[in-house]
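The first residue in the sequence is number 1, and the count goes up from there.
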Amino acid sequence: MKQSSNLAKAANLRHFFIAVFFLISFNQAFASGSKLPEVANTTPTDNSGIASTTDFGPTQYDSSLYSHLDPNHEVPAALLKKAIDYFDSHKSIIKNKSTLGVIDFSQHNSKERLYLIDMVSGAVDRYLVAHGKNSDPNYTGYATIFSNTPGSEMSSQGFYLTAETYIGGHGLSLALDGLSPTNSNARSRAIVIHPADYVQPGG
């Protein structure tokens, strides 16, 4: 079944992801959350999935190496550039370079705003992804504030690398390590990818 194969793909290939913590669902929907007591600490954002204070500078990579990616132009161009910039300059820490993920939190949570990019074929698959409930305090469907603080129940911006798989309370799960100052607590916050039946298409 496609849903199960997508979960296995995400778990076994150790994809490289950008943006926020997210949890995977068998019904192709994603969600996010934290397991520790709530503490507030927010980071302003431009909703691009990266803290607005981050400066990526000019493109450093050979664009011809990545011109085949996203042939249908589904991924927001600015986010794709940020992802490729980081990917290209940090290849030494990425064991499996087959997949790149981008989340666009400027979009409403009813949209398929998680993009998984096949780095060989260039093809893009899209999925639903939720944000931490306290990143959307007015329940508008838009993430407006972010935090790296344990217990905040907010999404954390930055670059992530997937790590080991394990069987947890939600089944097959995938650990994440934050690579940015804005998500450095991802491991201690127990931010992982796991099935989430409370995230449904259209809501």
Side-chain angles (χ1 to χ4, degrees), residues 1-40 49 94-96 98-105 107-118 124-137 139 141-143 145-180 182-203:
M1 189 158 52
K2 182 178 180 182
Q3 291 88 343
S4 297
S5 66
N6 284 336
L7 179 60
K9 178 181 178 182
N12 294 327
L13 292 183
R14 296 192 173 191
H15 304 303
F16 173 79
F17 289 109
I18 179 179
V20 297
F21 56 84
F22 39 83
L23 314 174
I24 192 169
S25 166
F26 288 111
N27 64 5
Q28 298 184 0
F30 296 73
S32 61
S34 176
K35 300 179 180 178
L36 300 177
E38 185 170 341
V39 179
I94 304 170
K95 293 181 179 179
N96 189 305
S98 65
T99 306
L100 184 69
V102 177
I103 297 176
D104 179 9
F105 268 167
Q107 298 182 41
H108 193 270
N109 65 2
S110 64
K111 305 298 183 182
E112 292 180 331
R113 56 187 182 173
L114 168 59
Y115 305 85
L116 292 185
I117 306 160
D118 187 314
V124 175
D125 289 323
R126 298 180 64 169
Y127 302 90
L128 293 173
V129 59
H131 42 257
K133 67 178 183 179
N134 288 337
S135 284
D136 182 9
Y139 298 99
Y142 290 96
I145 52 176
F146 300 86
S147 177
N148 190 34
T149 301
S152 65
E153 296 190 310
M154 295 181 190
S155 296
S156 295
Q157 298 174 310
F159 297 95
Y160 289 81
L161 190 66
T162 59
E164 73 277 4
T165 60
Y166 64 95
I167 303 299
H170 295 278
L172 180 61
S173 302
L174 181 60
L176 297 174
D177 288 308
L179 304 178
S180 304
T182 50
N183 65 9
S184 58
N185 291 326
R187 174 73 64 158
S188 63
R189 292 177 69 195
I191 305 305
V192 301
I193 298 174
H194 70 65
D197 57 8
Y198 49 85
V199 177
Q200 299 293 333

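Note: Phe105 and Phe146 have parallel aromatic rings, judged against thresholds of 30 and 60 degrees for the angle between ring planes.
Side-chain polar atoms of Asn185 and Thr149 form no donor-acceptor pair below 3.5 angstrom.
The heavy-atom pair separating Gly141 from Arg113 by the smallest distance is O-NH1, 4.2 Å. Contact between Ile94 and Leu161 at its shortest, heavy atoms only, is CG1-CD1, 4.1 Å. When all heavy atoms of Ser173 and Gly168 are compared, the pair lying nearest together is OG-N, 4.2 Å.
No side-chain heavy atom of Leu179 sits under 4.5 Å from any side-chain heavy atom of Tyr160. The side-chain heavy atoms of Ile117 and Val102, taken from C-beta on, include a pair separated by under 4.5 Å. Residues Leu116 and Val124 form no side-chain contact, since every pair of their non-hydrogen atoms from C-beta on lies 4.5 Å or further apart. The shortest side-chain heavy-atom distance between Tyr115 and Arg126 falls under the 4.5 Å cut-off. In this structure the side chain of Leu128 never reaches within 4.5 angstrom of the side chain of Asn109, judged on heavy atoms. Between Arg189 and Ser156 the shortest side-chain heavy-atom distance falls below 4.5 Å.
Using a distance-only test at 3.5 Å, with no hydrogens or angles considered, a donor-acceptor pair links the side chain of Ser135 to the main chain of Ile145.
The structure places CG of Asp125 at 9.5 Å from CD of Glu112, a figure rounded to the nearest 0.5 Å. Considering NZ of Lys133 and OH of Tyr139, their distance stands at 5.5 Å, rounded to 0.5 Å. Rounding to the nearest 0.5 Å gives a distance of 8.0 Å between OG of Ser155 and CD1 of Ile103.
Within the structure, every pair that satisfies the salt bridge (Lys or Arg N to Asp or Glu O under 4.0 Å) test and touches residues 169-179, not counting sequence neighbours, is listed here: Asp177-Arg187.
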Which is it for Thr165 and Leu172 under the side-chain contact (heavy atoms from CB on, under 4.5 Å) test, yes or no, and what are the steps along the way? CA-CA 7 Å; Thr165 60; Leu172 180 61; 4.3 Å; yes

Ser184 vs Asn148, side-chain hydrogen bond (donor to acceptor under 3.5 Å, both in side chains): CA-CA, chis, key distance, verdict: CA-CA 7 Å; Ser184 58; Asn148 190 34; 3.0 Å; yes

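Residues satisfying the side-chain hydrogen bond (donor to acceptor under 3.5 Å, both in side chains) test with Asp136, not counting sequence neighbours, are His131, Thr140.
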